[in-house]
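The next block holds one structure in the form of C-alpha cells; read it before the comments.
Counting begins at 1 with the first residue of the sequence. Counting starts at 1 for both ligands and their atoms, in listed order.
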Amino acid sequence: MKKNIAIAGAGLVGSLLAIYLLRRGYHVTIFERRADMRRNPVGAGRSINLALSNRGLHALAEVGLSDDLRAVAIPMHGRMVHDRQGNTNLQPYGKQGQFINSISRSNLNIVLMNKAEAMGAVFHFEQRVTHIDTERSAITTASPENHLATYHFDGIVGADGAFSAVRLGLQLTDRFDFSQTYLSHGYKELHIPAAAGGQFAFERNALHIWPRESFMMIALPNPGGSFTGTLFFPFEGKNSFASLTTDHAIRSFLEETFPDVVKLMPEVLRDFNHNPTGSLVTVQCFPWARHNTLLIGDAAHAIVPFYGQGMNAGFEDCSVLNKLLQHHHDHWDAAIRDFQQQRKPDTDAIAQLALDNFIEMRDLVADEKFVLRKKIEARIHELYPDKWIPLYSMVTFHETIRYADALHTGRKQKEIMDDILAQPDIAATWQSLNFEQLANRLHRP
Ligand code: FAD
C-alpha cells in the first residue's frame with residue numbers, strides 16, 4: 001500500500017518533492033505557513049529571481065517540467081563585470097552554449113504547486129508546523145487564529161527552509177549535530193527598471209556584477225526589461241548598512257560606488273530604506289532522518305547564495321531521494337537513511353564552495369591574475385575536455401559530477417594553477433605552456 005507523506009513547506013523544494021512522490025503513487029499533504037501565493041502575491045524580500053542551472057534543470061526534466069521553465073527563463077552566458085568607471089568586461093561562464101538561467105522565484109514556485117495540485121497533492125495554507133513527534137510520525141500545525149491540529153502520517157518531510165520547525169523538533173532529540181553560521185554581510189534588493197520601450201538597460205544575457213573588494217552588487221535580468229539588483233554589504237563597519245544612516249549618505253555612497261547603474265535607478269533611495277535587509281546563513285546538521293521524518297533542501301543544508309546553488313542542490317536532493325526510493329522498492333526508512341549518508345558530503349562541499357565563491361565574486365573577478373587563471377583553465381579544457389573541467393563548470397554544468405568530487409578536484413586544480421601563475425612573465429608566455437602536461441598533472445596519483 002502506498003504511503004501517506006506530509007511535507008512541511010510548499011516552497012521550491014517541498015513542491016518539487018511532492019511531484020516526485022505523487023509520480024511514485026504516494027499520497028501527499030503539504031502544510032504551508034504562508035497564504036497561497038497564487039492568490040496573495042508575495043512581497044519583496046528574498047531573491048525575486050534566481051539562477052537555475054543544470055542540476056536543477058535535470059531534476060525538473062525528470063518530472064517533465066524543464067522545457068516549460070526554460071521557455072520563461074533568461075539565459076545568462078557569463079558575468080558582466082562593471083568597474084567604478086562604468087567599463088564592462090564579459091567573462092563567459094563556460095564554453096559556447098553553456099549558460100545559467102534567470103528565473104522568477106514566485107513563477108517557478110507557482111508552476112510547481114500547480115503541477116503538484118493537479119496530480120492530487122492536498123495543500124493546507126496558513127498552517128504553520130509547530131511540533132513534530134518523530135516516534136509517532138505526528139505533525140502539529142497552527143492556524144493564524146492559533147487553532148492547533150495534529151495529524152498522523154507514514155512519513156514526514158521537513159522542506160520548511162533555513163529556519164525549519166521540523167529541524168527544531170529534531171534538535172531536541174539526542175545526538176543531533178547542528179551549526180548555524182552567519183556572514184557579517186547582509187543583502188538588500190534594489191530594482192533596476194527597464195529602459196524606454198521595455199528595453200534592457202544593460203546586456204540582457206548576463207549576470208551583472210559590480211565587485212568592490214569587500215562587498216558587491218549583482219543584478220539578474222527579468223522578463224520585461226528590468227533587473228533585480230542585490231547589494232551584498234557588511235552589516236557593520238566603515239561602509240555598511242549601519243554606517244549609512246541618512247538619505248544623503250546613502251545616495252552619495254551608492255552614486256560614487258556604482259555610478260553607471262545608480263543613475264538608472266530613480267527609486268533607489270526608497271528601495272534602500274524600505275526593502276528588508278536579509279541575513280546570510282550556512283546551516284549544517286546531522287542526522288537528517290529520525291524514525292520516518294526527513295529533512296531536505298534548506299532545512300537540511302542552507303548555504304550562502306554565491307554559487308547560485310541552494311535551490312539547485314535542493315532540487316538535486318529530490319532527484320537523489322527518488323532514485324533511492326526506487327532502489328529500495330519504496331521502503332521509506334531504508335531510502336531516507338541511505339539518502340542522508342549519500343548526500344551529506346555533497347551538501348557540505350557545496351556549502352564550502354559557496355562561501356569561497358563570495359571572495360571570488362566580490363574581489364577576484366576584477367583581478368588580472370584571476371582573469372588570466374580563468375583563460376588558461378578554459379584553454380586546457382578546450383584542448384583536453386575530459387581531463388580538465390574548470391571548477392565552476394563542474395558545479396554548474398555537469399550534474400553527473402558530485403559536489404564533493406568537484407570540491408576535491410577543484411582544490412587540486414588550484415594547486416596546479418597557483419604554481420603556473422607564480423611563473424615570472426606568465427601573462428606574456430602562457431600561450432606556450434605545455435597544456436597536455438598540465439591536464440595530466442591533475443590525474444597523477
Ligand atoms: P524555502 O524556499 O525557504 O521554502 C520553505 C517553505 O517552507 C516556505 O514556503 C515557507 O513559508 C515554509 N515554511 C517555513 N516554516 C514553516 C513552518 N513552520 N510550517 C509550514 N511551512 C513553513 N539558489 C539557487 O539555486 N540559485 C540562486 O540564484 C539563488 N539565489 C539566492 C539569493 C538569495 C538572496 C538567497 C537568500 C537565496 C538564494 N538561493 C539561490 C537559495 C534558494 O533560495 C534556496 O536554496 C531555496 O529557496 C530552498 O528551497 P526550500 O524549499 O528548501 O526552502
Side-chain angles (χ1 to χ4, degrees), residues 6-18 29-37 40 42 44-57 59-60 73 76 100-106 108-110 112-113 123-132 139-143 156-169 183 185-189 207 218-220 228-232 275-283 295-318 347 350-351 354 357-358 361 395-396:
I7 299 179
L12 297 169
V13 175
S15 302
L16 179 62
L17 180 66
T29 307
I30 307 186
F31 298 97
E32 167 56 50
R33 181 182 61 181
R34 291 182 299 199
D36 186 348
M37 66 163 72
N40 304 274
V42 263
R46 197 145 72 131
S47 72
I48 287 168
N49 51 24
L50 306 123
L52 171 66
S53 52
N54 285 35
R55 291 174 199 269
L57 280 167
L60 292 167
M76 299 182 287
I100 59 176
N101 302 277
S102 175
I103 192 154
S104 146
R105 177 189 289 272
S106 55
L108 175 54
N109 212 152
I110 287 170
L112 295 171
M113 287 199 294
F123 283 89
H124 295 284
F125 292 102
E126 298 190 86
Q127 291 295 321
R128 183 171 53 90
V129 173
T130 58
H131 184 74
I132 293 289
I139 188 164
T140 302
T141 63
S143 70
I156 296 172
V157 181
D160 49 345
F163 303 102
S164 165
V166 176
R167 188 184 66 229
L168 196 58
L183 286 192
H185 291 63
Y187 70 93
K188 194 177 279 286
E189 292 200 328
L207 187 152
I218 68 167
L220 273 70
T228 302
T230 309
L231 174 64
F232 293 97
N275 287 351
T277 307
S279 52
L280 297 163
V281 69
T282 302
V283 174
L295 300 174
I296 200 166
D298 273 19
H301 48 74
I303 62 177
V304 295
F306 305 111
Y307 231 112
Q309 286 295 315
M311 163 191 66
N312 286 287
F315 283 2
E316 193 172 67
D317 282 352
C318 298
T347 58
I350 191 59
N357 220 40
F358 187 26
M361 287 176 85
V395 170
T396 309

Legend entry - Proximal atoms of ligand 1 relative to Gln127 (non-hydrogen, under 4.0 Å): 20 (C)
Legend entry - Contacting atoms of ligand 1, where contact means under 4.0 angstrom from a heavy atom of Gly9: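 Contacts of ligand 1 toward Gly9, numbered from 1: 6 (C), 7 (O), 12 (C), 21 (N).
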I want to know if ligand 1 touches [X] in the polar sense, i.e. an N/O pair below 3.5 angstrom.
{"X": "Gly308", "value": "yes"}
{"X": "Val129", "value": "yes"}
{"X": "Gly297", "value": "no"}
{"X": "Leu50", "value": "no"}
{"X": "Arg128", "value": "no"}
{"X": "Thr230", "value": "no"}
{"X": "Ala299", "value": "no"}

Does ligand 1 have any atom that is closer than 4.0 Å to a heavy atom of [X]?
{"X": "Ala159", "answer": "yes"}
{"X": "Leu12", "answer": "yes"}
{"X": "Glu189", "answer": "no"}

Legend entry - Selection from Glu32, Arg55, Arg167 by shortest heavy-atom distance to atom 8 (C) of ligand 1: Glu32
Inset, instruction - From the options Ile296, Val13, Ile30, select the one residue that forms a side chain to side chain contact (heavy atoms under 4.5 Å, CB included) with Ile7. - result: Ile30
